[in-house]
Amino acid sequence: MKIENPNPLQWNFSKRSQQLQSSAIREILKITMRPEITSFAGGLPSPATFPVERMKAAFDTVLTNQGKIALQYGPTDGYGPLREWVADSLSTDGAKILPEQVLMVSGSQQGLDLLGKVLIDEGSKVLVETPSYLGALQAFSIYGPDFISVPSDEQGLIPSAVEEMGKGARLLYSLPNFQNPTGRTLPLDRRLALVEACARIGLPLIEDDPYGALSYRNDPLPKMLNMNPSGVIYMGSFSKVLTPGIRLGYVVAPVPLIRKMEQAKQAADLHTAQLTQMVVYEAVKDGFLQTHIPTIRKLYADQCQAMLDALQTYFPAGTSWTKPEGGMFIWVTLPAHIDSGALLKEAVEQHVAFVPGAPFYANEPQHNTLRLSFVTVPPEKIRAGIERLGKLIAAKL
């Protein structure tokens with residue numbers, strides 16, 4: 001039976017839920033689904049890099065040989081052989097990482113959420129870069145922190161500012177390799193200085209590293225994790241080097257923090273899918289990434305250079321941009337009077353999309369900035385899209 005004329009339900013949303021905001025990027029992606037749009041907006045890996053046959057074979061092997069285990073509930077901390085693989089891949093002669101320091105998570109975004117749950121109270125000081133990764137700001141915001149923006153320049157975060165600003169803070173969030181959104185890389189001397197500054201004041205340092213393997217020219221710089229395993233929380237992901245659809249990442253941290261995050265994860269989803277963990281292990285265990293990642297680097301390097309060349313040709317004087325040596329993003333600074341949010345509306349009318357820069361700032365947003373991603377757009381479309389965007393900018397000078 002159906003109740004006749006029920007009173008409308010009055011939703012009493014929690015105070016925490018009222019902190020939630022839609023991701024600016026996700027909202028823009030709705031626009032970019034239109035086939036006529038050349039999108040420089042999404043931070044999506046190129047589907048051309050997805051090893052479909054390798055993954056298909058891994059699924060077949062796991063389901064054939066270990067199907068009943070793969071389809072069962074699994075341990076909260078993750079599939080043991082994969083945790084061992086992660087630990088071994090991050091260990092160095094001077095810094096041995098143990099499997100019990102590894103927590104498998106349902107994408108790096110869950111790792112950020114769990115860190116927020118166990119480390120942040122309302123009003124806690126949280127240090128972030130300027131600008132910072134939007135997904136981290138969004139994940140932490142729901143826990144009501146007081147964001148402190150650490151000064152940054154063309155080389156990234158300035159470590160000398162951390163020691164005074166970081167006193168009493170719960171954590172410092174950094175993305176040192178080919179940062180999202182700027183594409184910049186923290187030099188070795190700054191990494192050392194940052195780790196030392198955080199160690200002196202007992203400040204947990206998050207090293208988020210989804211793009212570190214995507215260097216165009218050289219091997220990645222040393223990880224801050226290996227400089228101080230007892231004070232650095234390392235985050236990694238299979239999204240950019242394998243496929244994002246599997247939603248699989250990991251957090252490496254001192255055991256007391258990992259155990260507390262494990263408890264929070266039990267309350268969130270019990271465990272990350274055992275099937276996908278076993279499949280990823282099957283795919284990577286024999287060194288596949290050593291041959292696969294160079295193909296990604298080559299593709300992204302070519303498309304990055306195509307965009308840099310187009311920017312040089314078509315963007316007017318008074319604009320500037322980063323020149324990344326890896327990763328997926330270029331950061332553009334426009335003349336101060338140009339609002340990139342307003343520019344986006346005009347660009348979409350010209351069938352081009354990007355992400356305005358303001359949402360990437362925890363404090364004092366700079367509205368004359370924007371982020372461009374080049375990895376899903378072929379060179380000829382990059383050139384045509386940048387030309388149209390350059391004309392719109394030139395018309396505002």
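All heavy atoms count here, side chains included; hydrogens, waters and symmetry mates do not.
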Chemist: What's the verdict on side chain to side chain contact (heavy atoms under 4.5 Å, CB included) for R247 and S239, showing C-alpha distance, side-chain angles and the deciding distance?
Modeler: CA-CA 7 Å; R247 305 308 304 129; S239 292; 3.4 Å; yes
Chemist: Decide if atom NZ of K285 counts as having more than 12 heavy atoms of other residues, nucleotides or ligands within a radius under 6.0 Å.
Modeler: yes
Chemist: Would you indicate whether the side-chain heavy atoms of L370 and V355 approach each other to under 4.5 Å?
Modeler: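 SC-SC contact between V355 and L370 ruled out.
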Chemist: Closer than 3.5 angstrom, by distance alone: can the side chain of R190 be matched with the main-chain N or O of P159 as a donor-acceptor pair?
Modeler: no
Chemist: When you check the gap from the basic side-chain N to the acidic O, do D302 and K298 get nearer than 4.0 Å?
Modeler: yes
Chemist: What closest approach, in Å, do Q274 and G74 show between heavy atoms, and which atom pair accounts for it?
Modeler: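 Closest approach of Q274 to G74: OE1-CA, 3.5 Å.
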Chemist: Does a side chain donor of either T369 or T333 reach within less than 3.5 Å of an acceptor in the other side chain?
Modeler: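 No donor-acceptor contact under 3.5 Å links the two side chains.
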Chemist: Within the side chain of T76, is there an N or O that forms a donor-acceptor pair under 3.5 Å with the backbone of L270?
Modeler: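 Answer holds: yes.
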Chemist: Please give me the minimum heavy-atom distance between I293 and A213, naming the atom from each residue.
Modeler: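 In terms of heavy atoms, the two residues are closest at CG2-O, 3.5 Å.
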Chemist: Taking the side chain as everything from C-beta on, heavy atoms only, tell me whether L275 gets closer than 4.5 Å to L71.
Modeler: yes
Chemist: Give a yes or no on whether a salt bridge exists between D77 and K265, defined as a side-chain N under 4.0 angstrom from a carboxylate O.
Modeler: no
Chemist: Are side-chain heavy atoms of L98 and V255 found at a separation under 4.5 Å?
Modeler: no
Chemist: Grouping I, L, V, M, F, W and Y whenever their side-chain heavy atoms are under 4.5 Å apart, do I158 and L221 come out in a common cluster?
Modeler: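 Hydrophobic grouping puts I158 apart from L221.
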Chemist: Within the supplied structure, the quantity of interest is the number of heavy atoms (other residues, nucleotides, ligands) at a distance under 6.0 Å from K125 NZ; does it exceed 12?
Modeler: yes
Chemist: Assess the residue pair L137 and F147 against the criterion (side chain to side chain contact (heavy atoms under 4.5 Å, CB included)); give the C-alpha distance rounded to whole Å, side-chain angles, the decisive distance to 0.1 Å, and a yes or no.
Modeler: CA-CA 9 Å; L137 298 179; F147 283 120; 4.0 Å; yes
Chemist: Would you please say whether a donor-acceptor pair under 3.5 Å links the side chains of Q179 and E129?
Modeler: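 Indeed, the side chains of Q179 and E129 share at least one donor-acceptor pair under 3.5 Å.
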Chemist: At what distance, to the nearest 0.5 angstrom, does OG1 of T38 lie from CZ of R383?
Modeler: 14.5 Å
Chemist: Starting at CD of E325, measure out to OH of Y216 and round the result to the nearest 0.5 Å.
Modeler: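 Reported to 0.5 Å precision, the distance equals 10.0 Å.
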Chemist: With the 4.5 Å side-chain cut-off for hydrophobic clustering, are L299 and L372 part of the same group?
Modeler: yes
Chemist: Is a donor on one side and an acceptor on the other found under 3.5 Å between the side chain of E207 and the backbone of V232?
Modeler: no
Chemist: Atom CG of D208 and atom CG of L175: how far apart are they, to the nearest 0.5 Å?
Modeler: 4.5 Å
Chemist: Classify the side-chain pair Q110/D269 by whether it contains a donor and acceptor separated by less than 3.5 Å.
Modeler: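 Present: a donor and an acceptor within the cut-off.
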Chemist: Using 4.0 Å as the upper bound for N to carboxylate O, is an ion pair formed by R200 and E163?
Modeler: yes
Chemist: With no hydrogens and no angle check, just 3.5 Å: does a side-chain donor-acceptor pair link T185 and N177?
Modeler: no
Chemist: For W85 and F238, take the angle between the two ring planes, folded into 0 to 90°, and tell me which bin it lands in: parallel under 30, tilted 30 to 60, perpendicular over 60.
Modeler: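 W85 vs F238 ring planes: tilted.
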Chemist: Kindly say whether the aromatic ring centers of Y300 and F374 come within a distance under 6.0 Å.
Modeler: no
Chemist: Does E164 CD have over 12 foreign heavy atoms under 6.0 Å away?
Modeler: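 No, because the 6.0 Å sphere around CD of E164 holds 12 heavy atoms or fewer from other groups.
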Chemist: S132 side chain to V128 main-chain N or O, any donor-acceptor pair under 3.5 Å?
Modeler: no
Chemist: Could you verify whether a donor N or O on one side chain and an acceptor N or O on the other, from Y143 and D121, lie under 3.5 Å apart?
Modeler: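 Distance-only check fails for Y143 and D121.
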Chemist: Identify the two heavy atoms, one from S174 and one from M224, that lie closest to each other, and give their separation to 0.1 Å.
Modeler: OG-CE, 3.5 Å
Chemist: Checking L308 against K323 for the side chain to side chain contact (heavy atoms under 4.5 Å, CB included) test, could you report, in this order, the C-alpha distance in whole Å, the side-chain angles of both residues, the deciding distance, and whether it holds?
Modeler: CA-CA 7 Å; L308 290 172; K323 298 176 177 61; 4.1 Å; yes
Chemist: With a 3.5 Å distance limit and no angle check, can you tell me whether R170 reaches the backbone of S124 through a side-chain donor-acceptor pair?
Modeler: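 Not at all, since once roles are kept as given, no pair shorter than 3.5 Å links the two residues.
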Chemist: Between N180 (side chain) and Y133 (backbone), is there a donor-acceptor pair under 3.5 Å?
Modeler: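 The answer is no, because no donor-acceptor pair under 3.5 Å joins these two groups.
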Chemist: Do you reckon V52 sits in the same ILVMFWY cluster as F288, going by side-chain contacts under 4.5 Å, direct or chained?
Modeler: no
Chemist: Could you report the tightest heavy-atom contact between G42 and S39, atom names first, then the distance?
Modeler: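 Heavy atoms of G42 and S39 come nearest at N-OG, 3.9 Å.
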Chemist: Quick one: sort the Y173 and F140 rings into parallel, tilted or perpendicular, breaks at 30° and 60°.
Modeler: perpendicular
Chemist: Do V280 and L82 come close enough that some side-chain heavy atom pair is under 4.5 Å?
Modeler: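 Counting from C-beta outward, V280 and L82 do come under 4.5 Å.
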Chemist: Looking at every non-hydrogen atom in both residues, tell me the closest pair between V279 and A58 and how far apart they are.
Modeler: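 Taking every non-hydrogen atom into account, O-CB, 3.6 Å.
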Chemist: Between atom CD of Q266 and atom NE2 of H271, what is the distance when rounded to the nearest 0.5 Å?
Modeler: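 Rounded to the nearest 0.5 Å, the CD-NE2 separation comes to 11.0 Å.
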Chemist: Hydrophobic clusters here meaning ILVMFWY residues chained together by side-chain heavy-atom distances under 4.5 Å, can you tell me if F50 and M55 are in one?
Modeler: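 No, because F50 and M55 fall into different hydrophobic clusters, even though each may have its own neighbours under 4.5 Å.
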Chemist: Working to the nearest 0.5 angstrom, can you tell me the gap between S237 OG and I246 CD1?
Modeler: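 Answer for the OG-CD1 pair, S237 versus I246, is 7.5 Å.
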Chemist: Under the salt bridge (Lys or Arg N to Asp or Glu O under 4.0 Å) criterion, do E196 and R191 qualify, and how do the steps go?
Modeler: CA-CA 9 Å; E196 290 172 353; R191 293 175 190 233; over 6 Å; no
Chemist: For M104, is there any backbone N or O sitting under 3.5 Å from a side-chain donor or acceptor partner on R83?
Modeler: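 It does not hold such a pair.
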Chemist: Within a strict 4.5 Å, meaning less than it, do heavy atoms of the T295 and T49 side chains meet?
Modeler: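 No, too far: nothing below the 4.5 Å cut-off.
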Chemist: Who pairs with E84 by side-chain hydrogen bond (donor to acceptor under 3.5 Å, both in side chains), at least two apart in sequence or on another chain?
Modeler: none
Chemist: If we ignore hydrogens and angles and just use 3.5 Å, is the side chain of T322 paired with the main-chain N or O of I330 as donor and acceptor?
Modeler: no
Chemist: Are any side-chain N or O atoms of N226 and backbone N or O atoms of L90, one a donor and one an acceptor, separated by less than 3.5 Å?
Modeler: yes
Chemist: Report yes if the side chains of I148 and V126 come closer than 4.5 Å at any heavy-atom pair, otherwise no.
Modeler: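 No; the side chains remain at least 4.5 Å from each other.
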Chemist: Going hydrophobic residue to hydrophobic residue with side-chain gaps under 4.5 angstrom, can you get from Y79 over to L63?
Modeler: yes
Chemist: For the atom pair CG (L242) and CG (L248), what is the distance rounded to the nearest 0.5 Å?
Modeler: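 Going from the CG atom of L242 to the CG atom of L248 covers 9.0 Å.
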Chemist: Kindly give the heavy-atom pair with the smallest separation between M307 and S373, and that separation in Å.
Modeler: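 What the structure gives for the nearest pair is CE-O, 4.1 Å.
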Chemist: Given side chains that start at C-beta, do those of V62 and I69 come closer than 4.5 Å, heavy atoms only?
Modeler: no
Chemist: How about S340 and F354: do any of their side-chain heavy atoms sit closer than 4.5 Å?
Modeler: yes
Chemist: Short question: side chain of R388, backbone of Q350 - any donor-acceptor pair under 3.5 Å?
Modeler: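 It does hold such a pair.
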Chemist: Could you tell me whether K240 and D209 have a side-chain N and a carboxylate O separated by less than 4.0 Å?
Modeler: no
Chemist: Run V162 and C198 through side chain to side chain contact (heavy atoms under 4.5 Å, CB included) and show every step you take.
Modeler: CA-CA 7 Å; V162 169; C198 290; 4.2 Å; yes
Chemist: With sequence neighbours excluded, what pairs up with A139 under the side-chain contact (heavy atoms from CB on, under 4.5 Å) test?
Modeler: Q109, L112
Chemist: Under the salt bridge (Lys or Arg N to Asp or Glu O under 4.0 Å) rule, what do D88 and K96 come out as? Steps first, then yes or no, please.
Modeler: CA-CA 8 Å; D88 289 344; K96 175 69 174 177; 3.7 Å; yes
Chemist: Is the shortest side-chain N to carboxylate O distance from E387 to K391 below 4.0 Å?
Modeler: yes
